[in-house]
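Remarks on the structure that follows.
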Amino acid sequence: MTAPRRPTLDGIAAARACIAPHLARTPLVKLDLGLPDRQIFLKLETLSPIGAFKLRPALNAVLSRDPAALREGVAVTSSGNMAYGMAFAARLAGVPMVAYMYRGAPQTKIDGVRNLGGAVRFVSAETWWDYIIGADRPDAPELLINPVTDQAVLNGNGSIGMEIVEDLPDVDVVLTPYGGGSMTTGVASAVKAVSRRARVFAVEDASAAPVTAALAAGKIVTIETRPSFIKSIGGPSLVPQLWPVARDLIDGAIAVSPAEVTEAMRLLFSKAKIVAEGAGAASLAAAIARPDLTGNVVCVISGGNIDAAAYSVALAGGIPAA
């Protein structure tokens, strides 16, 4: 696996040009919570055609490839949204697509892959993680695109950050959900290349917060995790190839509880009629939990693909089952 690099503005600009014909710019909207010391803005990646930001990196990873490399199709390891995005991109490119997912991924994301013509192959959580970190790989002919460390993926994610600083040049804080770290790395690369004042924070599920643990220990550590309905962020450890890049870009990590996330989900619905999955609402939960983050605060609402039953529980005031 090639070591990823910090995305450059040129690389991000090329990714934007690649994906622009297929993906409309997502809006940055103000959420008025009546807070005197900060203005909260929402970067609505939920309005992507697949309902999540992952379409950006998937499109760039597929469409920027030499067509010869795609002859046998593409494959990706994903908990859901990247698989959904890759199925969309593969259909656009006219090539077969396979997603390696673990059982327990949201059904809406599994259905999304299949409805776009992709195939789903279920693997254990341990095998899934080995594929992510490059410790193992499937014995299959498709081009396997790493959803975290692939350079085209990182550049595609950088397009989010570039849009943020164009729409809000005086941004002070950007909050991004941190799963594998590719979104945070891409967004922070763009934001910090343009703005000297902006700080970028990784937002995690407190049930599984490896960034918080790594920053405290000064190195990657393996942590105990608790079951959570928030599927796309958190885990027992970090992707070692990406962590050195991400660590140098972020200004800290914020761990939010499932209760805080469901409250943010309800707030997004009641105040703005925005449907967000757990990971998608985590950044707003962090903005509310950290009153010391003042000024213009941007929350990346990364996705809205949540099963209806789980969302109903959240809206009713509960915490969905893990």
**Fill in**
For Glu45, the salt bridge (Lys or Arg N to Asp or Glu O under 4.0 Å) test, sequence neighbours excluded, returns Arg56
**Asked** CG of Leu42 to CG of Leu47: how many Å apart, nearest 0.5 Å?
**Response** 10.5 Å
**Message:** I'd like to know if the side chain of Arg71 reaches the main chain of Pro67, judged simply by a donor and an acceptor atom lying under 3.5 Å from each other, with no hydrogens or angles considered.
**Reply:** no
**Message:** Does any part of the side chain of Trp129, heavy atoms only, come nearer than 4.5 Å to the side chain of Thr77, both counted from C-beta?
**Reply:** no
**Item:** Minimum side-chain heavy-atom gap Ile110-Met101 below 4.5 Å
**Value:** yes
**Spacing of CG belonging to Asp205 relative to OG belonging to Ser257, to within rounding of 0.5 Å** = 8.5 Å
**Pairs where residues 13-69 contributes a residue and the test ring pair (Phe, Tyr, Trp, His ring centres under 6.0 Å) is met, not counting sequence neighbours** = none
**Message:** Please check this pair: side chain of Asn146 against backbone of Ile132, looking for a donor-acceptor N/O pair closer than 3.5 Å.
**Reply:** yes
**Asked** Residues two or more places apart in sequence or in another chain: which of them pass salt bridge (Lys or Arg N to Asp or Glu O under 4.0 Å) with Arg199?
**Response** none
**Prompt:** Who are the salt bridge (Lys or Arg N to Asp or Glu O under 4.0 Å) partners of Arg247, not counting sequence neighbours?
**Reply:** none
**Message:** Counting C-beta onward and ignoring hydrogens, is there a side-chain heavy-atom pair between Val239 and Thr149 closer than 4.5 Å?
**Reply:** yes
**Same apolar cluster (I L V M F W Y, side chains within < 4.5 Å links), Val174/Ile288** = no
**Message:** Could you check whether Arg65 pairs with Asp150 (Lys NZ or Arg NE/NH1/NH2 to Asp/Glu carboxylate O, under 4.0 Å)?
**Reply:** yes
**Request:** Would you mind checking if Arg6 and Asp248 are paired as a salt bridge, meaning a charged N to carboxylate O distance below 4.0 Å?
**Result:** no
**Request:** Would you check if the side chain of Thr127 reaches a backbone N or O of Val123 as a donor-acceptor pair within less than 3.5 Å?
**Result:** no
**Asked** What's the spacing between Thr108 OG1 and Asn115 CG if we round to 0.5 Å?
**Response** 9.0 Å
**Qualifying salt bridge (Lys or Arg N to Asp or Glu O under 4.0 Å) pairs with a residue from residues 255-264, counting only residues at least two apart or across chains** = Glu263-Arg266
**Request:** Please answer whether the main-chain N or O of Thr185 pairs with a side-chain N or O of Asn157 as donor and acceptor at a distance below 3.5 Å.
**Result:** no
**Item:** Taking every non-hydrogen atom, the tightest pair across Gly278 and Val261
**Value:** O-CG1, 3.3 Å
**Test side chain to side chain contact (heavy atoms under 4.5 Å, CB included) applied to Val211 and Ile250, step by step** = CA-CA 10 Å; Val211 178; Ile250 61 174; 4.0 Å; yes
**Prompt:** Do side-chain atoms of Asp307 reach the backbone of Ala309 as a donor and acceptor pair under 3.5 angstrom?
**Reply:** no
**Message:** Quick check on the hydrophobic clustering: are Val200 and Ile164 connected, directly or via other members, by side-chain heavy-atom contacts under 4.5 Å?
**Reply:** yes
**Prompt:** Can you list the steps and then say if Asp251 with Lys192 is a salt bridge (charged side-chain N to carboxylate O under 4.0 Å, His left out)?
**Reply:** CA-CA 11 Å; Asp251 294 278; Lys192 297 209 163 189; 2.6 Å; yes
**Prompt:** With side chains defined as the heavy atoms from C-beta onward, is the minimum distance between Tyr311 and Met265 less than 4.5 Å?
**Reply:** yes
**Request:** Taking Ser64 for its side chain and Asn60 for its backbone only, find out whether a donor-acceptor pair lies under 3.5 Å.
**Result:** yes
**Closest heavy-atom pair and its distance - Gly318, Pro320** = O-CD, 3.9 Å
**Request:** Go through the steps for Ser302 and Met183 under the test side chain to side chain contact (heavy atoms under 4.5 Å, CB included), then give the verdict.
**Result:** CA-CA 9 Å; Ser302 59; Met183 180 216 265; 3.5 Å; yes
**Asked** How about Ile274 and Thr46: do any of their side-chain heavy atoms sit closer than 4.5 Å?
**Response** yes
**Asked** For the side chain of Ser283 and the backbone of Val300, is there at least one donor-acceptor N/O pair under 3.5 Å apart?
**Response** yes
**Asked** Going through the distances and angles, do Leu249 and Ser189 end up as a side chain to side chain contact (heavy atoms under 4.5 Å, CB included)?
**Response** CA-CA 7 Å; Leu249 287 165; Ser189 296; 3.4 Å; yes
**Item:** Derivation and outcome, side chain to side chain contact (heavy atoms under 4.5 Å, CB included), residues Val171 and Val165
**Value:** CA-CA 7 Å; Val171 59; Val165 292; 4.2 Å; yes
**Request:** Mind running side-chain hydrogen bond (donor to acceptor under 3.5 Å, both in side chains) on Thr8 and Asp10 for me, showing each step along the way?
**Result:** CA-CA 5 Å; Thr8 65; Asp10 286 346; 5.4 Å; no
**Asked** Among pairs that include at least one residue of residues 102-127, which meet ring pair (Phe, Tyr, Trp, His ring centres under 6.0 Å), considering only residues two or more places apart or in two chains?
**Response** Tyr102-Trp128
**Message:** Keeping Lys109 on the side-chain end and Ala83 on the backbone end, is there a donor-acceptor pair under 3.5 Å?
**Reply:** no
**Request:** Treat each ILVMFWY residue as a node, draw an edge where side-chain heavy atoms are under 4.5 Å apart, and state whether Val187 and Val245 are in one component.
**Result:** no
**Message:** Using the rule that Ile, Leu, Val, Met, Phe, Trp and Tyr join whenever any side-chain heavy atoms are under 4.5 Å apart, tell me whether Ile160 and Leu44 fall into a single cluster.
**Reply:** no
Identify each donor-acceptor pair in which a side-chain atom of residues 212-227 lies under 3.5 Å from a protein atom, sequence neighbours left out, and give them as a table.
| from | atom 1 | to | atom 2 | distance (Å) |
| --- | --- | --- | --- | --- |
| Thr212 | OG1 | Glu204 | OE1 | 2.7 |
| Arg226 | NH2 | Ala206 | O | 3.4 |

**Request:** Could you list all the salt bridge (Lys or Arg N to Asp or Glu O under 4.0 Å) pairs where at least one residue sits in residues 112-133, not counting sequence neighbours?
**Result:** Arg121-Glu142
**ring pair (Phe, Tyr, Trp, His ring centres under 6.0 Å) involving Tyr100 - partner list, sequence neighbours excluded** = Tyr131
**Asked** Does a side-chain heavy-atom distance below 4.5 Å link Met82 with Pro57?
**Response** yes
**Message:** Once rounded to the nearest 0.5 Å, what's the spacing between atom CD1 of Ile301 and atom OG1 of Thr26?
**Reply:** 11.0 Å
**Message:** Please give me the minimum heavy-atom distance between Val76 and Met97, naming the atom from each residue.
**Reply:** CG1-CE, 4.0 Å
**Request:** Report, as yes or no, whether the 6.0 Å neighbourhood of atom CZ on Arg25 holds more than 12 heavy atoms from other residues, nucleotides or ligands.
**Result:** yes
**Message:** Between Lys54 (side chain only) and Tyr84 (backbone N and O only), is there a donor and an acceptor less than 3.5 Å apart?
**Reply:** no
**Message:** A side-chain contact here means heavy atoms from C-beta on lying under 4.5 Å apart; do Leu9 and Met162 qualify?
**Reply:** yes
**Message:** Using modelled atom types and a 3.5 Å cut-off, is there a donor and acceptor pairing between side-chain atoms of Asp37 and backbone atoms of Thr294?
**Reply:** no
Side-chain donor-acceptor pairs under 3.5 Å in residues 27-34, sequence neighbours left out?
| from | atom 1 | to | atom 2 | distance (Å) |
| --- | --- | --- | --- | --- |
| Lys30 | NZ | Gln39 | OE1 | 2.9 |
| Asp32 | OD1 | Gly34 | N | 3.0 |

**Message:** Would you compute the distance between atom CG of Leu284 and atom CG of Leu175 and round it to the nearest 0.5 angstrom?
**Reply:** 9.0 Å
**Request:** Quick one: pull up CG in Asp139 and CG in Asp136 and give me the separation to the nearest 0.5 Å.
**Result:** 9.5 Å
**Heavy-atom check, side chain of Phe201 versus side chain of Val297, under 4.5 Å** = no
**Asked** What residues, two or more places apart in sequence or in another chain, satisfy salt bridge (Lys or Arg N to Asp or Glu O under 4.0 Å) together with Arg197?
**Response** Asp172
**Complete:** Sorted by chain and residue number, the ring pair (Phe, Tyr, Trp, His ring centres under 6.0 Å) partners of Trp243 (sequence neighbours excluded) come out as none
